[in-house]
Protein chains: 2
Amino acid sequence: MPNMPLNTAPTSPGTGAFVQHVTSSTPPRGTRGTPGHGQPRERDALRAAQLYYLQDLTMESIAKELAVSRSTVSRLLSMARRTGLVNIEINAGGDRSPMLVRELEHKFGIKVHVVPTDGALADAEILERVATHAAHVLNTLVSSGMTVGVAWGSTMQALSLALTRKPTHDTLIVQLNGAANPQTTGLTYASEILQRFGAAYTARVEQFPVPAFFDQASTREAMWREGSVRRVLGVQQGMGLAVFSLGATEAAVPSQVYRGGYLSAAESAALHEHGVVGDVATVFFDGSGSDEGIEINSRATGPTLRALRKVPRRLCVLSGAGKLRALHGALAGGLITDLVLDEGTALRLLNAPPSSSH
Amino acid sequence: MPNMPLNTAPTSPGTGAFVQHVTSSTPPRGTRGTPGHGQPRERDALRAAQLYYLQDLTMESIAKELAVSRSTVSRLLSMARRTGLVNIEINAGGDRSPMLVRELEHKFGIKVHVVPTDGALADAEILERVATHAAHVLNTLVSSGMTVGVAWGSTMQALSLALTRKPTHDTLIVQLNGAANPQTTGLTYASEILQRFGAAYTARVEQFPVPAFFDQASTREAMWREGSVRRVLGVQQGMGLAVFSLGATEAAVPSQVYRGGYLSAAESAALHEHGVVGDVATVFFDGSGSDEGIEINSRATGPTLRALRKVPRRLCVLSGAGKLRALHGALAGGLITDLVLDEGTALRLLNAPPSSSH
DNA sequence: TCCTTTTGTGCACATATGTGCAAATGAATT
DNA sequence: AATTCATTTGCACATATGTGCACAAAAGGA
């Protein structure tokens, strides 16, 4: 009775083409098995995956059937998982889901995914778990032909690293908001996040090469009339899914936006003045989930909340303690349709009353 | 780095309710973990499944987190799979599928699933593999609210035994054709097949309590006007999916229909006369896939091919050597939209020219 | 209340699986 | 042709996993 490997082997990058090999101790391959398949290695991987996951054969017997060693089968299966050939999903829907999830879904009218977390886990571990879990959820939401808006930040970074491959066609990944700032030159990592999404879904990537905030609102207006920018904004219009986390002013570990030199001290103070509790893609909102009347938003580059709400599916990935007020605001503003969050935060969300704004 | 168990443990029936237990060596449970979930065992199973399949944790660490022994985690995961909480699917779609599949799909314009089979496999093993594979394919086709027509026969029997649980709502399983005959009293096994489908999909089952063939066509006409029969026929009208195999006159192991006392010698001879190559749900067809002009069909109880073709999705499960001519006929007649078959048959199907009928 | 039956648990052992390492292969280059 | 380089393979060993078994805890009956 077989088991089922899972780990993503820390093997080499391995982007290269597949090439046929012949073992000396074994009769030459190529005549074996079904003729006329694709690259031999991928063909074997599919075959192995079918026999292992569908037929419950042991790796040993699969090895015999493919005329390779057992360890090769192990590696084939490992590859099959990494490349998304095998897809494992957990059906937590309906009456099977724990009461916590059901209560949250009922209370807020959205789809909720609670990531199990042990109380003793460090914040970094929680983030990683949430990201991994969210990656699987994302796989069920992304489909061919879809345009997916993607924000950036530490949570999105973790998510991008946890993505599992799911090849699609004609999918388009579009950056939600600019990422450049006066302090750091590169901020290549925003683009790296995008690239990883693109690789995972074999999708084209549309970057948004503008700063996170303009210094002058008038400059933004001017830029927004530029053809190159209008094109990206046009792509954003077609989004079927937006993926983002929330920035929170009160977070123990302050969000990317509140470090990194994006905001001046004066600006931070102004945010507090207006009762801002958090942001989505560098657009700030108050406790009621409104982005209006906040000066800096006129210089921000993320979609207005009004525009965001037009996206049919809006997945928020949230990890950790300090973002509760931001989450309440975002929920009040109807910004979220699908939520992934850790168990601790979920519990607090259920119990804690929405903080009175300001 | 964890592995992933697969086998359906041969444990006791276990239909009973879940009950909380307390171990002496362990502090009482119930205070642990998220409060307010469903039955503790199912709650743990979900949690374990998420940690194991999504987070790639080892069973050992999950055991620690759930405060149970590692073996319990193993059993929880085993249960999670059996009950369909965990769903494993293989994405063989698009350009990743082997050329054999692509060629068949192109040639016949249908969706094809080829079950890998070693050349040295016995017929019974091939049947089992095909059935197991088909069960997974079926899971992707059956959805809530759907009416599924199900035939009977040895292949359907094997399929029913290989089904994996996938709970749905408002699904309806309806028997495609009568199964009683003058020889065997029970033929309980036709109903057992149906029951298994019902159990796997938590669906209501609609039986069709008529003989496989009437002695007199006029009796059928009369019965077809009966309210009870009309109700079943009405349900059949709503089918979104039909699942069947093919009977073949030439099969090495003759199909159920050609043994079992369903047909007299004279009837068998008449079938050959008319160039019959096989049947679907006891409705016979010739090499071109037509059921017309075949006397016995006026006494049969399965849906006419015209009626069958109205079902949007028609899954044919086929295993073994001798059914090639029947398959060619069924394909010519456009009876099939989705096909599951073993590799050997698939190869012959691709190469062999359609047998000239009669 | 006592007894029987059912169900779940941990233990220990037999299998099954993942992976570092060295050897072997095939392709590309000199 | 010889050489280099990047992959791939099989081996062997360390882990990880499945399961028979005996026992403990609940549930049901008398």
Side-chain angles (χ1 to χ4, degrees), chain A residues 1-30 39-45 48-49 51-53 56-64 66-82 86, chain B residues 1-30 32 39-45 48-49 51-53 55-64 66-82 86:
Chain A
M1 289 91 172
N3 301 334
M4 200 157 131
L6 267 182
N7 16 355
T8 303
T11 41
S12 54
T15 63
F18 298 116
V19 184
Q20 178 169 352
H21 281 255
V22 173
T23 323
S24 62
S25 62
T26 311
R29 307 255 296 293
Q39 303 294 358
R41 192 175 170 85
E42 187 158 356
R43 176 179 70 74
D44 283 355
L51 293 173
Y52 191 75
Y53 291 105
D56 287 13
L57 295 193
T58 178
M59 288 185 172
E60 186 96 36
S61 40
I62 296 173
K64 216 175 291 172
L66 294 181
V68 296
S69 81
R70 188 186 54 70
S71 24
T72 299
V73 175
S74 172
R75 283 185 265 253
L76 282 174
L77 290 172
S78 166
M79 181 191 111
R81 279 171 315 223
R82 263 182 311 140
V86 171
Chain B
M1 290 89 172
N3 300 333
M4 198 156 130
L6 266 181
N7 17 353
T8 302
T11 41
S12 52
T15 63
F18 297 116
V19 185
Q20 178 168 351
H21 281 256
V22 173
T23 322
S24 60
S25 63
T26 311
R29 306 254 297 293
R32 275 201 55 78
Q39 302 293 359
R41 194 175 169 82
E42 186 157 358
R43 175 178 70 75
D44 283 356
L51 293 173
Y52 190 75
Y53 291 105
Q55 304 289 346
D56 289 13
L57 295 194
T58 177
M59 289 185 170
E60 187 95 35
S61 40
I62 297 174
K64 215 174 294 173
L66 294 180
V68 296
S69 81
R70 188 185 54 71
S71 24
T72 298
V73 175
S74 172
R75 283 185 265 253
L76 283 175
L77 291 172
S78 166
M79 181 192 112
R81 280 173 314 229
R82 264 182 311 138
V86 171

Chemist: Which of these nucleotides, dT19(D), dA16(D), dC11(D), is closest to any side-chain atom of Ser71(A)?
Modeler: dC11(D)

Chemist: Measure from CZ on Arg75(B) to C1' on dT7(C) and round the result to the nearest Å.
Modeler: 11 Å

Chemist: Quick one: closest heavy-atom pair of Leu66(A) and Ala48(A), and the distance?
Modeler: CD1-CB, 4.1 Å

Chemist: What's the CZ-P distance between Arg82(A) and dT19(C), to the nearest Å?
Modeler: 11 Å

Chemist: Working to the nearest 0.5 Å, report the span between CD1 of Ile62(A) and CZ of Arg70(A).
Modeler: 11.5 Å

Chemist: Looking only at the side chain of Arg70(A) (C-beta and beyond, no hydrogens), which of the listed nucleotides dA12(D), dC13(C), dG10(C) gets closest?
Modeler: dA12(D)

Chemist: In whole angstrom, give the distance that lies between atom CG of Leu76(B) and atom C1' of dT19(D).
Modeler: 15 Å

Chemist: Measure from CD1 on Ile62(B) to C1' on dT17(D) and round the result to the nearest Å.
Modeler: 12 Å

Chemist: Given atom CE of Met79(B) and atom P of dG8(C), what is their separation to the nearest angstrom?
Modeler: 9 Å

Chemist: With heavy atoms under 4.0 Å as the rule, sort Thr72(B) into base, sugar-phosphate or nothing.
Modeler: sugar-phosphate

Chemist: CD of Glu60(B) versus P of dC11(C): gap in Å, rounded?
Modeler: 11 Å

Chemist: Starting from P on dA16(C), measure out to CG on Asp56(A) and report it in whole angstrom.
Modeler: 13 Å

Chemist: Would you mind telling me which of Leu76(A), Leu51(A), Leu77(A) makes a side-chain contact (heavy atoms from CB on, under 4.5 Å) with Met59(A)?
Modeler: Leu77(A)

Chemist: Check side chain to side chain donor-acceptor pair (under 3.5 Å) between Ser69(A) and all other residues, then give those that pass, not counting sequence neighbours.
Modeler: Ser71(A), Thr72(A)

Chemist: What integer distance in Å separates Met59(A):CE from dT17(D):P?
Modeler: 12 Å

